[in-house]
Amino acid sequence: MGERKKVCKEIVKACEEFGFFKVINHGVPVDVISKMEEESLSFFSKSEAQKKQAGPANPYGYGSKTIGFNGDMGEVEYILLNTNPNTIAHYSNTISNNNPTKFRCAVNWYIEAVKRLACEILDLMANGLSVSDTNFFSRLIKDSDNDSLFRLNHYPNTKDMDTSSPTPPPPMDVAHYKVGFGEHSDPQILTLLRSNDVGGLQISLEDKVWVPVPPDPFAFWVNVGDVLQALTNGRFLSVRHRALVTNNNNNNKTRMSMAYFAAPPLNAWT
Ligand SMILES: O=C(O)CCC(=O)C(=O)O
Ligand SMILES: [Fe+2]
């Protein structure tokens, strides 16, 4: 079997078993990632009052603790954007009032690079599934009306949390954690997730068995989303995952992640 064919088969197997896999040597330039991370860090380091100028997230913009429309809460603050360049340009003004152009460019470069990677992965998947039209999935996210999203997440350290509860927390190395981002699956086709070197992400393979995902700032994790599960008639699993805030890391570094959610146009006929 040729090398490419082998990769296609392995990707399909991972999507059937886990709906989740890791990509290394992905071709997204290091400086594109580090510029995006720099922008993210500089935004989240601002004062609460400054950050709130870019909110509330409805659904785009800055949000803190409330996630989505179902009243979900978590120890997370985030910026959610549509990947449409007009939306990015609009929000850049309040997200980075000292240099909106720098922020906008960092986001656009990052999105351009991860979108290319997502398309390549989707073509490999189609190939592995022996779909005759191998660009079928990637065409959906290349459509100019695609509804793809980009999200920057920041999780505080437990040291910053309220520990004034009457019952003392269990020893730090046991189950002392808070939910940063509660259990969910991503609704779109595919998610490319990249984080700094602070852990917290977990995936659930069987019911309620949580497996920690080691952080790797040089890699991308790929999540199969609900749309791809549906497009493959359930052959691919859309992976359930969550992010916890722990204080296992003894330095003060906090987790930052960035997620690109590749989605078809809202009115796509699939
Ligand atoms: O921060 C993480 O690792 C998880 C983020 C996530 O699941 C999401 O943004 O949908
Ligand atoms: Fe997610």
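Any value given below was found using the heavy atoms of this structure, including those in side chains, with hydrogens, waters and symmetry copies removed. Atoms within a ligand are numbered from 1 in the order they appear, just like the ligands themselves. One-based numbering along the sequence shown.
- Look at Trp221 and you'll find every heavy atom at least 4.0 Å from all atoms of ligand 1.
- Heavy atoms from other residues, nucleotides or ligands lying under 6.0 Å from NZ of Lys22 number more than 12.
- Counting only heavy atoms of the protein, atom 5 (C) of ligand 1 lies nearest to Asn153 ND2, 3.4 Å.
- Atom CD of Glu17 is surrounded by more than 12 heavy atoms from other residues, nucleotides or ligands within 6.0 Å.
- Ring-centre distance between Trp221 and Phe21: not below the 6.0 Å cut-off.
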*Please lay out, stage by stage, how Asn82 and Asp147 fare under the test side chain to side chain donor-acceptor pair (under 3.5 Å).*
CA-CA 7 Å; Asn82 190 287; Asp147 192 39; 3.2 Å; yes

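- With salt bridges taken as basic N to acidic carboxylate O contacts below 4.0 Å, one links Glu112 and Arg116.
- Residue contacts with ligand 1 leave out Arg242, since none of its heavy atoms falls under 4.0 Å from the ligand.
- The shortest contact between atom 8 (C) of ligand 1 and any protein heavy atom is with Phe181 CE1, 3.7 Å.
- With ligand atoms numbered from 1 in the order given, ligand 1 contributes 7 (O) to contacts under 4.0 Å with heavy atoms of His241.
- With a heavy-atom cut-off of 4.0 Å, Asp186 touches ligand 1 through its side chain alone.
- At least one heavy atom of Tyr155 sits less than 4.0 Å from an atom of ligand 1.
- The residue from Phe261, Trp109, Tyr110 that alone fulfils the ring pair (Phe, Tyr, Trp, His ring centres under 6.0 Å) condition with Phe150 is Tyr110.
- If you look at Asp186 and ask which of its N, O or S atoms sits nearest the Fe ion (ligand 2), the answer is OD1.
- Contacts with ligand 1 closer than 4.0 Å are made by side-chain heavy atoms of Leu193 only, the backbone lying farther away.
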*Starting from the C-alpha separation in whole Å, work towards a yes-or-no answer on ring-ring contact (aromatic ring centres under 6.0 Å, His included) for Tyr62 and Phe43.*
CA-CA 10 Å; Tyr62 171 72; Phe43 175 79; 5.4 Å; yes

